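Working notes for the structure below.
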There are 2 protein chains.
Amino acid sequence: MARQVRSSKDAILGAARREFAARGFAGARVESIARAAGCNKAMLFYYFSSKEKLYRAVLSRALGEIFAEIAGIVHEQLTPAEFMEKFPEIYVRFLARNLDLPRILVFDLVHRPENIAAAMTDILRANTDFRPQRFQDMIRSWHRQGLISEGDPLHFMLNVVSLSIFSFLARPLVEAISGLKVQNDEAFCRARIQSVVRILKQGMLK
Amino acid sequence: MARQVRSSKDAILGAARREFAARGFAGARVESIARAAGCNKAMLFYYFSSKEKLYRAVLSRALGEIFAEIAGIVHEQLTPAEFMEKFPEIYVRFLARNLDLPRILVFDLVHRPENIAAAMTDILRANTDFRPQRFQDMIRSWHRQGLISEGDPLHFMLNVVSLSIFSFLARPLVEAISGLKVQNDEAFCRARIQSVVRILKQGMLK
DNA sequence: GATTGGTTTAACCATATGGTTAATATAGTA
DNA sequence: TACTATATTAACCATATGGTTAAACCAATC
């Protein structure tokens with residue numbers, strides 16, 4: 001029985017992640033996912049029953065990984081300064097290591113936000129210990145204590161996340177406009193983290 | 001002869017922009033673009049000869065519009081503080097008015113950056129008066145004069161652009177995580193601009 | 001009123017694509 | 001060995017899709 005179930009299913013999931021990341025949902029070809037996974041196209045439908053469902057599996061996996069990476073930092077009782085140092089470090093490095101994820105996410109973010117919302121709901125249901133509400137309250141309390149200048153949790157998080165994630169999307173554009181080229185990824189990561197931490201602390205800490 | 005050439009061609013371009021924005025390149029259907037433009041599918045190939053070329057036309061138009069909006073501000077000899085106030089205001093309002101544009105751009109940004117680079121090159125060639133180099137030099141000189149804390153033009157611009165544009169992409173995600181809902185777009189725009197200007201000035205001005 | 005040149009249409013084509021089926025292989029179990 | 005349940009494959013199918021063609025249309029000009 002099923003000695004290597006996992007291997008095929010996982011191979012498909014991995015190949016699907018790469019394909020969806022590279023071409024988007026509509027651009028991805030079921031056939032080439034199967035080929036990349038080293039199996040027959042029918043295997044894919046055997047395990048996932050449709051392209052759509054395969055995609056959802058990939059998406060919630062991706063979201064789950066990002067989420068797991070961030071969840072820790074949200075639980076610790078950090079000062080705002082510590083948070084502004086740790087978050088970009090963790091987030092930027094994680095994204096640099098897993099470029100597929102922002103590529104997948106960004107497409108849904110723009111073209112099918114309901115998808116993300118749905119996947120997010122699943123994750124939140126699975127991680128019952130994580131309460132976004134608590135995180136919001138923390139930001140609000142930082143503001144009430146006069147520690148930070150941005151009192152709206154939505155804009156606080158938008159500022160933090162924007163600065164950390166957008167460079168991975170916009171780099172080609174900014175490079176094209178500016179004529180500057182990023183040669184070394186590690187150097188870029190370090191510089192980006194440094195710049196983000198500085199503007200966050202200087203800009204939102206009181 | 002050609003009494004209303006423009007009307008058909010423009011109708012196609014408009015419909016194509018909406019379709020590409022809503023579904024991405026691979027997801028867009030040539031047929032439904034034509035239908036939305038009120039004409040036959042063959043008209044589309046008559047004017048644009050391929051889906052790919054139609055897309056490129058839409059893309060360089062979109063980039064051109066964004067570019068035109070920003071070009072002005074780059075020419076004026078602004079102080080860093082003025083720049084940090086004006087840029088987000090202009091940019092955020094423009095994006096809010098033209099949500100199709102970021103939607104189109106973001107897909108290429110992630111999946112086909114060469115496309116953007118190519119379109120950008122065209123635009124720069126067309127607008128010979130705009131010299132990105134000059135803009136970079138301006139940022140560097142601000143830094144040399146001790147006016148700003150971020151000396152790298154790439155990261156300076158990444159900070160400015162990230163904060164302004166990303167909210168339009170990430171909103172659904174942040175809303176899903178935070179449970180907060182943006183009800184009023186005008187109020188959101190105003191709040192976002194305010195938050196961005198504040199963090200930019202506090203965070204990068206010396 | 002015939003010619004001309006861009007514009008528009010209906011019908012058509014080859015192929016790619018998501019999805020199905022029915023048969024077969026494989027391995028653990030009785 | 002025979003049985004069962006999952007894993008895997010090759011062949012197939014209906015349809016959607018980008019793209020083509022050839023003919024018709026329409027307005028201006030000669």
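Throughout, protein chains are lettered first and strands after them, A, B, ... in sequence-line order, and every chain is numbered starting at 1. Everything numeric here is computed off the predicted structure, so don't read it as measured data.
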_Applying side chain to side chain donor-acceptor pair (under 3.5 Å) to A/Ser195 and B/Asp152, what does each step give before you reach the verdict?_
CA-CA 9 Å; A/Ser195 183; B/Asp152 184 334; over 6 Å; no
_Test: B/Asp137 and B/Arg134 ion pair at under 4.0 Å_ = no
*asked:* What is the separation between atom OH on B/Tyr55 and atom P on D/dG18, rounded to the nearest whole Å?
replied: 14 Å
*So, are A/Arg93 and A/Glu69 salt-bridged, with charged N and O less than 4.0 Å apart?*
no
_Distance in angstrom units between A/Phe48 CZ and D/dT6 C1', rounded_ = 16 Å
_Would you say the rings of A/Phe156 and A/Phe135 are close, in the sense that their centroids are separated by under 6.0 Å?_
no
*Just say parallel, tilted or perpendicular for the rings of A/Phe20 and A/Tyr55, cut-offs at 30° and 60°.*
perpendicular
*Rounded to the Å, how far apart are A/Met43 CE and C/dT26 P?*
14 Å
*asked:* What is the distance, to the nearest angstrom, from the CZ atom on A/Arg35 to the P atom on D/dA10?
replied: 14 Å
*Nearest of C/dT7, C/dT17, D/dA7 to any side-chain atom of A/Arg29?*
C/dT17
*Rounded distance (Å) that lies between atom P of D/dT17 and atom CZ of B/Arg23*: 10 Å
*Any side-chain N or O of A/Tyr46 less than 4.0 Å from the OP1 or OP2 oxygen of C/dT21?*
no
_Check ion pair A/Asp10-A/Arg61 (N to O, under 4.0 angstrom)_ = yes
_Between C1' on C/dT8 and NZ on B/Lys9, what's the gap in Å once rounded to a whole number?_
16 Å
_Base-pairing string, 5' to 3', of DNA chain D - Watson-Crick or wobble, under 3.5 Å, | interstrand_ = ||||||||||||||||||||||||||||||
*What nucleic acid atoms does A/Ala34 come within less than 4.0 Å of, heavy atoms only: base, sugar-phosphate, or nothing?*
nothing
*asked:* On the six-membered ring of A/Phe25, is A/Arg112 placed so that its NZ or CZ lies under 6.0 angstrom from the centre and within 45° of the ring axis?
replied: yes
_Just to be sure I understand the rule, does A/Ala28 reach a base, reach only the sugar-phosphate, or reach nothing, if contact means heavy atoms closer than 4.0 Å?_
sugar-phosphate
*Do we see a donor-acceptor contact under 3.5 Å between the side chains of B/His155 and A/Arg192?*
yes
Please write out the pairs of protein N or O atoms and N or O atoms of nucleotides 19-22 of chain D separated by less than 3.5 Å, giving the distance to one decimal.
unit_1	atom_1	unit_2	atom_2	d
D/dG19	OP2	B/Lys51	N	2.8
D/dG19	N7	B/Lys41	NZ	3.1
D/dG19	O6	B/Lys41	NZ	2.4

*Specify the separation, in whole Å, of atom CG of A/Leu44 and atom P of C/dT17.*
14 Å
_Enumerate the salt bridge (charged side-chain N to carboxylate O under 4.0 Å, His left out) contacts for residues 25-36 of chain B, please, sequence neighbours excluded, ordered by first and then second residue._
none
